[in-house]
Amino acid sequence: MNSSGFTFRRVREEMIETLLELGIKDFRVLDAISQVPRHIFVDEALWSRAYENRSLTIGYKQTISQPYIVARMTELLISHTNGRGKVFEDLLEIGSGCGYQSAVLSFFSERVDSIERIKPLVQKSRENLAHLKISNILFKYGDGYQDWDKDKKYDGILCAAAPRAYPHDLIDLLKNDAKLVIPVGGSEQKLNVILKAKEDEIKEQEYEDVSFVPMLAGKSDDGNDV
Ligand code: SAH
């Protein structure tokens, strides 16, 4: 472990304790989160707060998600699977941000495709994940409403930005028995899980209140349209 990782060991342990207290139960998720150094995803000026359970700015009017919400969404995404390690072949993430959630997802899937609409953040994610030597994530600059590979099917989709209503097109990208985990709403949002049980059978479930940035259409070279 490098020296900065070592320095943050105690606060990293405290973060895991906080997640346990907040009700995260899946040890596979806690284990993955404990292995991803969160401070490297934010500016050095924020390192002292990197292991608090809060979102932090990453520039371009966007934030790195709160550790609890990353843990919760991952837990919901994998809850119907058993066993350790990579329980999925392909996952899709919408809204890479700085790549923190992507890094956590990389523990659970052979491959992760991640789409981000703000170009400089795509570069940031690539650099962050290269730094961590995580190589099973493909970051793509695009609009998560439409710029996915239409012929590909996923074992799960995690969306980190909130549309007013969930895009039904995303359901077509799911394999059977796969889930879409997505915040839905405007000023009031709920975490939603949509399970594609069979080809024409979906089950929707609503979970807790959340607060995500809106899912915006189109892509942006500089984030100035946010
Ligand atoms: N989980 C991320 C933070 C996500 S913040 C992390 O760990 O860092 C939400 C991200 O969704 C922002 O970067 C925002 O630019 C992006 N976003 C919003 N609408 C989008 C869309 N239509 N397609 C792709 N990304 C989108």
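Each residue takes its place number in the sequence, starting with 1. Note that ligands are numbered from 1 as they come in the structure, with each ligand's atoms numbered from 1 the same way.
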If the threshold is 4.0 Å, N to carboxylate O, is there a salt bridge linking D31 and R84? yes
Would you call E201 and N176 a side-chain contact if the rule is heavy atoms closer than 4.5 Å? no
With the side chain counted from C-beta on, respond yes when S79 and K179 share a heavy-atom pair under 4.5 Å apart, and no when they do not. yes
Minimum side-chain heavy-atom gap L91-L158 below 4.5 Å: no
Provide, to 0.1 Å, the distance between atom 1 (N) of ligand 1 and the closest protein heavy atom, together with that atom's residue and name. S65 OG, 3.0 Å
Specify the protein heavy atom at minimum distance from atom 7 (O) of ligand 1: its residue, its atom name, and the distance to 0.1 Å. Q101 N, 3.1 Å
The closest protein heavy-atom partner of atom 20 (C) of ligand 1 is R117 CD, 3.3 Å
Please list the nearest protein heavy atom to atom 5 (S) of ligand 1 with its residue and the distance rounded to 0.1 Å. T63 O, 3.5 Å
Looking at I118, which atoms of ligand 1 are within less than 4.0 Å of one of its heavy atoms? 15 (O)
How close does the nearest protein non-hydrogen atom get to atom 9 (C) of ligand 1, and which residue and atom is it? A160 O, 3.2 Å
Quick check: do I182 and P163 have side-chain heavy atoms less than 4.5 Å from each other? yes
Verify the neighbour count for atom NZ of K198: are there more than 12 heavy atoms of other residues, nucleotides or ligands below 6.0 Å? no
S96 to ligand 1, any heavy atom closer than 4.0 Å: yes
Need the ligand 1 atom indices (1-based, order shown) with element for anything under 4.0 Å from a heavy-atom of G142. 23 (N), 24 (C)
Is the charged tip of R28 near the ring of F108: under 6.0 Å from the six-membered ring centre and within 45° of its axis? no
By number and element, which atoms of ligand 1 are closer than 4.0 Å to a non-hydrogen atom of G144? 21 (C), 22 (N), 23 (N), 24 (C)
Ligand 1 atoms nearer than 4.0 angstrom to some heavy atom of L121 are 13 (O)
heavy-atom search around atom 12 (C) of ligand 1 in the protein gives Q62 OE1, 3.2 Å
Residue list, salt bridge (charged side-chain N to carboxylate O under 4.0 Å, His left out) with D209, at least two apart or on another chain: K190
Output every pair passing side chain to side chain donor-acceptor pair (under 3.5 Å) with a member in residues 109-120, not counting sequence neighbours, ordered by first then second residue. D90-R111, E93-S114, S96-S114, D113-K152, D113-Y154, R117-D225
Let me see the working for E127 and K124 under salt bridge (Lys or Arg N to Asp or Glu O under 4.0 Å), right down to the final yes or no. CA-CA 5 Å; E127 286 165 12; K124 205 172 208 175; over 6 Å; no
Find all atoms of ligand 1 within a distance of less than 4.0 Å from any non-hydrogen atom belonging to C98, and give their numbers and elements. 8 (O)
Of the side chain and backbone of V213, name the one, both, or neither that has a heavy atom under 4.0 Å from an atom of ligand 1. side chain
Going by heavy atoms, is P214 under 4.0 Å from ligand 1? yes
Within ligand 1, which atoms have a heavy atom of I64 less than 4.0 Å away? 8 (O)
Report the nearest protein non-hydrogen atom to atom 11 (O) of ligand 1: residue, atom name, distance rounded to 0.1 Å. G95 CA, 3.2 Å
Residue pair L56 / R38, side-chain heavy-atom distance below 4.5 Å: yes
Only heavy atoms of I115, strictly under 4.0 Å: list the atoms of ligand 1 that pass. 24 (C), 25 (N)
Closer than 4.0 Å to some heavy atom of L216 - which atoms of ligand 1 meet that? 18 (C), 19 (N), 20 (C), 21 (C), 22 (N)
Protein heavy-atom partner closest to atom 16 (C) of ligand 1 - residue, atom, separation in Å: E116 OE1, 3.4 Å
Please tell me whether F41 and H39 form a close aromatic pair, meaning their ring centres lie under 6.0 Å apart. no
